[in-house]
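As structure tokens, the structure follows; a few thoughts come after it.
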Amino acid sequence: PTQYKVFSGNYDGGGYNISNVGFSDDSVYHRSYGLFGYTNNATISNVNVSINIKVNSVNYGVGGLIGRANNTKITNCNANVNIFGNSSNVGGLVGVYATDNHMSLENNTTYGNIIINSINATNIAGVVALMDNMAAGGTISVSNCESRVYINVPQSIGGISGICSLTTGLVEIVNCNNYGYIETNN
């Protein structure tokens, strides 16, 4: 997994499976975790990943596919996740999804488990934990996405998105389904 470098460009996984990916981090550093730790101005498509992540640090995003995605289009991807720890901004597909443009997530599916134990952890979801649209006229579109993730966290959870933060733009969620079981203590 890439934790320190930003991926920019196009990645087409060709529908192949990327499996047995896993890592654990108990450090106090702020990082982004996923198959791609951090993407910017990228297109990711046709990727199937199985990943195990254990993170107890404060971070900038944890996701099965991408920890933090800025101005990134994601299509036809599947993530089978097992994510455990005490972290915020944890999503089955993407931890933090931010744009100042028009970006989309289309035809993506997530499976697996997300179990977060900290009562201070926020923004946990089956697909995207935090969506942040930072631009006037910008749009984030999430369409035809599905979550089949079991989620157990203390607070701020959602089957598709944990929270949508709008500065001035628009977030659209269309034809998405959550079939996962969501459990919270609050």
Side-chain angles (χ1 to χ4, degrees), residues 1-16 18 21-23 25 27-51 53 55 57-79 81 83 85 87-110 114 122-145 147 158 160-173 176:
T2 55
Q3 294 179 16
Y4 305 106
K5 297 181 181 184
V6 176
F7 176 82
S8 297
N10 298 317
Y11 182 83
D12 184 337
Y16 289 99
I18 301 170
V21 177
F23 57 92
D25 190 353
S27 71
V28 296
Y29 300 107
H30 297 277
R31 297 182 181 145
S32 298
Y33 299 92
L35 181 66
F36 294 90
Y38 191 160
T39 62
N40 189 37
N41 296 319
T43 299
I44 309 294
S45 59
N46 305 309
V47 175
N48 300 309
V49 62
S50 293
I51 191 165
I53 302 172
V55 179
S57 62
V58 176
N59 64 73
Y60 292 122
V62 176
L65 184 65
I66 304 170
R68 181 179 178 90
N70 288 353
N71 297 316
T72 298
K73 181 177 182 179
I74 304 166
T75 57
N76 301 320
C77 293
N78 298 301
V81 300
I83 302 174
S87 191
S88 294
N89 300 323
V90 177
L93 192 68
V94 179
V96 176
Y97 190 76
T99 188
D100 56 10
N101 204 334
H102 302 283
M103 299 310 297
S104 64
L105 288 88
E106 300 173 358
N107 304 316
N108 301 293
T109 304
T110 58
I114 298 174
T122 59
N123 310 330
I124 314 297
V127 178
V128 181
L130 170 63
M131 289 191 281
D132 188 6
N133 193 341
M134 305 172 291
T139 302
I140 295 176
S141 175
V142 181
S143 61
N144 301 313
C145 291
S147 172
I160 303 300
S161 177
I163 192 168
C164 297
S165 173
L166 300 176
T167 302
T168 57
L170 174 69
V171 172
E172 301 174 320
I173 299 175
C176 295

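The shown structure was predicted, so the numbers you read here are calculated from the model rather than taken from an experiment. Atoms considered below: every heavy atom in the structure, side chains included; atoms not considered: hydrogens, waters and symmetry mates.
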With a 4.5 Å limit on heavy-atom distance, are the side chains of [X] and [Y] in contact?
| X | Y | value |
| --- | --- | --- |
| N123 | S88 | no |
| N76 | S45 | no |
| T110 | V81 | no |
| I51 | I53 | yes |

Restricting to non-hydrogen atoms, name the atom on [X] and the atom on [Y] that form the minimum distance, rounded to 0.1 Å.
| X | Y | value |
| --- | --- | --- |
| G91 | A129 | N-CB, 3.8 Å |
| C77 | N108 | N-OD1, 2.9 Å |
| S147 | G126 | OG-CA, 3.3 Å |
| T99 | T139 | CG2-O, 4.2 Å |
| G92 | A79 | O-CB, 3.5 Å |
| S161 | I163 | OG-O, 3.2 Å |

Distance in Å, [X] [atom1] paired with [Y] [atom2], rounded so as to fall on 0.5 Å steps:
| X | Y | atom1 | atom2 | answer |
| --- | --- | --- | --- | --- |
| M131 | I160 | CE | CD1 | 9.0 Å |
| I140 | D132 | CD1 | CG | 7.0 Å |
| N71 | H102 | CG | NE2 | 10.5 Å |
| L105 | I44 | CG | CD1 | 11.0 Å |
| K73 | T39 | NZ | OG1 | 14.0 Å |
| N78 | N48 | CG | CG | 4.5 Å |

Donor-acceptor contact below 3.5 Å, side chain S32 vs main chain Y38: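 Not at all, since once roles are kept as given, no pair shorter than 3.5 Å links the two residues.
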Under 3.5 Å, side chain of S8 to main-chain N/O of N40, donor-acceptor pair present?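 Indeed, once roles are kept as given, a pair shorter than 3.5 Å links the two residues.
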Run the numbers on N107 and T75 for side-chain contact (heavy atoms from CB on, under 4.5 Å), then give the verdict. CA-CA 6 Å; N107 304 316; T75 57; 5.8 Å; no
For a side-chain contact (heavy atoms from CB on, under 4.5 Å) check, start with the C-alpha distance between I18 and V47, then their side-chain angles and the critical distance, and finish with the verdict. CA-CA 8 Å; I18 301 170; V47 175; 4.2 Å; yes
Quickly, which of I74, N70, I66 forms a side chain to side chain contact (heavy atoms under 4.5 Å, CB included) with Y97? Name it, please.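 Testing each of I74, N70, I66 against Y97, the sole residue satisfying side chain to side chain contact (heavy atoms under 4.5 Å, CB included) is I74.
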Parallel, tilted or perpendicular for F7 and F36, by the 30°/60° rule?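 Tilted.
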